[in-house]
Amino acid sequence: MNERAAARKETNPTKGGLDLSCVRSIDGVNLRGKRVLVRVDFNVPIENGVVADTTRLTRVLPTIAKLAREGAKVVVLSHLGRPKGQPTPDTSLRPVATKMQELMPGTAVRFAAAPSGADAKRVVDALKPGEVAVLENVRYHKGEEKNDRDFAESLAALGDLYVNDAFSSSHRAHASLEAITDLLPSYAGLLMMAEITALGEALEQPERPVMAITGGAKVSTKIEVMTNLVSRMDQLVVGGGMANTFLLAKGFRLGASLVERDFVATAKDVMAKAERSGCDIVLPIDVVVARELKPGADWQVCAVSEVPAGGMILDFGPESVAKLKRWLSQVKTVLWNGPLGAFETRPFGEGTFALAREVSRLTRSGKLISVAGGGDTVRALNEAGAAEDFSYVSTAGGAFLEWLGGAKLPGVAALARSGSRTR
Ligand code: 3PG
Ligand code: MG
């Protein structure tokens with residue numbers, strides 16, 4: 001490890017000034033007959049009206065089952081998608097409630113067609129101890145994203161206690177995550193405790209060298225975090241659409257590839273900062289290119305310097321994957337968020353899947369600590385058959401990255417504040 005890396009190691013990027021010891025767990029709390037509002041993250045992919053990936057449901061199930069078993073009337077709050085204060089057909093939580101009922105056959109799971117108001121109250125009032133109600137998307141109310149006190153009060157009226165088990169939503173200062181903690185005794189659910197414990201351990205003192213793999217299309221939402229990451233990581237792999245903007249910044253011509261021209265200057269800044277802090281930015285050297293993004297489209301592999309006009313970069317090429325494997329053999333810890341390519345469309349998942357299998361192989365043989373997060377990432381790891389071998393798989397995407405970047409997550413901070421008030 002170089003000197004700069006050693007100096008960095010002493011900084012603690014993860015707590016963001018939070019005293020996590022103030023966060024109270026639900027263990028040992030008397031829940032019998034209490035209406036417990038539990039904020040979860042059911043922001044899951046829905047395809048043809050059916051939940052397409054149940055990971056976030058199964059991960060929060062132990063909390064909901066524990067609350068029900070201990071005699072609480074469980075009122076589940078979540079958002080899904082970004083409906084901006086209005087119901088939309090593809091953002092209803094109804095399919096999620098249906099899936100929850102399938103996953104909890106012995107427990108009555110009701111659904112309320114609104115997150116607050118008369119419809120929600122009727123369903124909650126009818127709950128018996130041990131039953132569960134899933135309320136409709138909290139983002140159908142404009143007050144949610146505004147962290148509005150009145151909306152938080154209308155939610156709080158439905159419960160006696162509040163539990164946040166949505167680590168993956170806790171980077172949002174929204175009413176059901178933050179404002180509500182001023183109104184009800186507030187606790188962390190089992191998944192929240194597991195996330196902050198596991199990520200805290202992996203990130204405070206990672207075994208070095210430590211590599212972050214970032215990917216996905218959302219360049220604009222990740223570049224700030226990348227700025228943070230380069231000062232903490234030894235390597236930063238940039239994949240997905242984000243890589244294109246970096247390649248553009250390096251002067252490559254990328255045909256019809258997705259790029260964010262407005263972020264070329266930011267990409268240059270990130271690269272300069274990486275250079276100063278001794279972090280290697282790893283970009284693809286060859287890519288898989290096609291003229292259209294559809295299953296079975298004609299594709300070719302070319303060097304990043306030879307992307308044809310009209311061609312779109314859709315995945316890392318085999319040389320790039322081989323290069324990543326060589327890097328991986330040198331590192332001790334990997335933090336992964338975001339696929340390398342358009343993995344949902346065959347054959348553009350091969351780069352992501354090959355890398356996932358290599359990380360899982362190295363983890364299985366005890367050579368690597370691997371922590372991954374993000375809905376898409378988890379889905380890709382599952383498709384590659386690799387998720388089970390990872391050291392820890394977080395349910396969080398954006399929250400995972402912000403935590404990794406050292407940000408104080410409003411939802412977690414609110415739990416710590418609520419806990420410290422009662423000390
Ligand atoms: C997620 O899925 O990353 C979280 O639920 C947050 O969703 P958001 O980015 O729409 O706030
Ligand atoms: Mg998200």
Side-chain angles (χ1 to χ4, degrees), residues 1-9 11 13 203 206 208-255 257-289 302-307 312-317 319-328 330-331 333-341 351-352 355 374 377 398 400-402 404-407:
M1 194 190 308
N2 65 29
E3 265 173 51
R4 261 194 306 245
R8 290 200 305 266
K9 199 177 174 182
T11 61
L203 304 176
R208 286 180 183 268
V210 53
M211 169 194 277
I213 303 167
T214 54
K218 291 196 237 164
V219 189
S220 36
T221 59
K222 284 189 185 167
I223 274 188
E224 279 189 355
V225 176
M226 292 165 73
T227 306
N228 253 329
L229 281 178
V230 292
S231 68
R232 309 190 189 285
M233 300 288 117
D234 299 305
Q235 283 99 34
L236 179 64
V237 178
V238 182
M242 294 194 295
N244 300 345
T245 301
F246 279 76
L247 292 171
L248 192 65
K250 290 174 88 95
F252 291 104
R253 297 161 74 100
L254 302 177
S257 302
L258 170 77
V259 290
E260 284 189 315
R261 289 184 194 282
D262 292 351
F263 285 86
V264 165
T266 316
K268 285 183 180 163
D269 287 350
V270 170
M271 289 190 280
K273 187 166 186 219
E275 171 113 45
R276 288 196 299 275
S277 27
C279 170
D280 296 302
I281 298 240
V282 186
L283 292 167
I285 46 180
D286 66 340
V287 285
V288 178
V289 172
C302 63
V304 289
S305 56
E306 273 155 34
V307 177
M312 285 186 293
I313 299 176
L314 295 172
D315 197 7
F316 274 40
E319 285 300 319
S320 306
V321 173
K323 181 174 132 183
L324 282 182
K325 287 185 182 177
R326 285 195 296 277
W327 279 102
L328 268 180
Q330 307 293 318
V331 306
T333 305
V334 166
L335 303 160
W336 190 345
N337 175 276
L340 298 182
T352 303
L355 187 64
T377 309
F400 173 80
L401 274 181
E402 289 199 25
L404 183 53

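The first residue in the sequence is number 1, and the count goes up from there. Treat the numbers as computed from the prediction; the structure is a model and nothing was measured. Side chains included, hydrogens not; waters and symmetry mates left out as well; all remaining heavy atoms used.
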Please determine which of [options] meets the side-chain contact (heavy atoms from CB on, under 4.5 Å) test together with [X].
{"X": "F316", "options": "L324, V287, V288", "result": "L324"}
{"X": "L247", "options": "V259, V304, V238", "result": "V304"}
{"X": "M211", "options": "L328, L236, D234, T333", "result": "L328"}

Worksheet entry | Residues in side-chain contact (heavy atoms from CB on, under 4.5 Å) contact with A249, at least two apart in sequence or another chain |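 Here the qualifying residues are V264, A267, K268, M271.
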
Practice prompt. Using side-chain contact (heavy atoms from CB on, under 4.5 Å) as the criterion, list what pairs up with D280, not counting sequence neighbours.
Written response: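 By the side-chain contact (heavy atoms from CB on, under 4.5 Å) rule, D280 matches Q235, W327.
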
Point-to-point distance, once rounded to the nearest 0.5 Å, from [atom1] of [X] to [atom2] of [Y]:
{"X": "T266", "Y": "M226", "atom1": "OG1", "atom2": "CE", "answer": "10.0 Å"}
{"X": "L258", "Y": "M242", "atom1": "CG", "atom2": "CE", "answer": "11.0 Å"}
{"X": "L355", "Y": "W336", "atom1": "CG", "atom2": "CH2", "answer": "4.0 Å"}
{"X": "I313", "Y": "L254", "atom1": "CD1", "atom2": "CG", "answer": "4.5 Å"}
{"X": "R208", "Y": "M233", "atom1": "CZ", "atom2": "CE", "answer": "6.5 Å"}
{"X": "E260", "Y": "L248", "atom1": "CD", "atom2": "CG", "answer": "11.0 Å"}

Non-hydrogen side-chain atoms of [X] and [Y] separated by less than 4.5 Å:
{"X": "V230", "Y": "V270", "answer": "yes"}
{"X": "V307", "Y": "C302", "answer": "yes"}
{"X": "V331", "Y": "V210", "answer": "no"}

Worksheet item: Crowded around K250 NZ? As in, over 12 foreign heavy atoms under 6.0 Å?
Response: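 No, not enclosed.
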
Discussion item. Taking side chain to side chain donor-acceptor pair (under 3.5 Å) as the definition, give me every residue that meets it alongside T214, ordered by chain and number, with sequence neighbours left out.
Written reply: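 Checked T214 against side chain to side chain donor-acceptor pair (under 3.5 Å); zero matches.
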
Discussion item. Holding to side chain to side chain donor-acceptor pair (under 3.5 Å), I want the full list of residues that pass it with N244, two or more places apart in sequence or in another chain.
Written reply: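 Checked N244 against side chain to side chain donor-acceptor pair (under 3.5 Å); zero matches.
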
Worksheet entry | Chi angles and distances behind the side chain to side chain contact (heavy atoms under 4.5 Å, CB included) call for T377, I213 | CA-CA 11 Å; T377 309; I213 303 167; over 6 Å; no

Worksheet entry | Closest non-hydrogen atom pair, K273 against S231 |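 Nearest heavy atoms, K273 then S231: NZ-CB, 4.1 Å.
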
Worksheet item: Can you name the closest pair of heavy atoms from A274 and I281 and give their distance?
Response: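 What the structure gives for the nearest pair is CB-CG1, 3.6 Å.
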
Discussion item. Please check this pair: side chain of K222 against backbone of G215, looking for a donor-acceptor N/O pair closer than 3.5 Å.
Written reply: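 Checked: pair present.
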
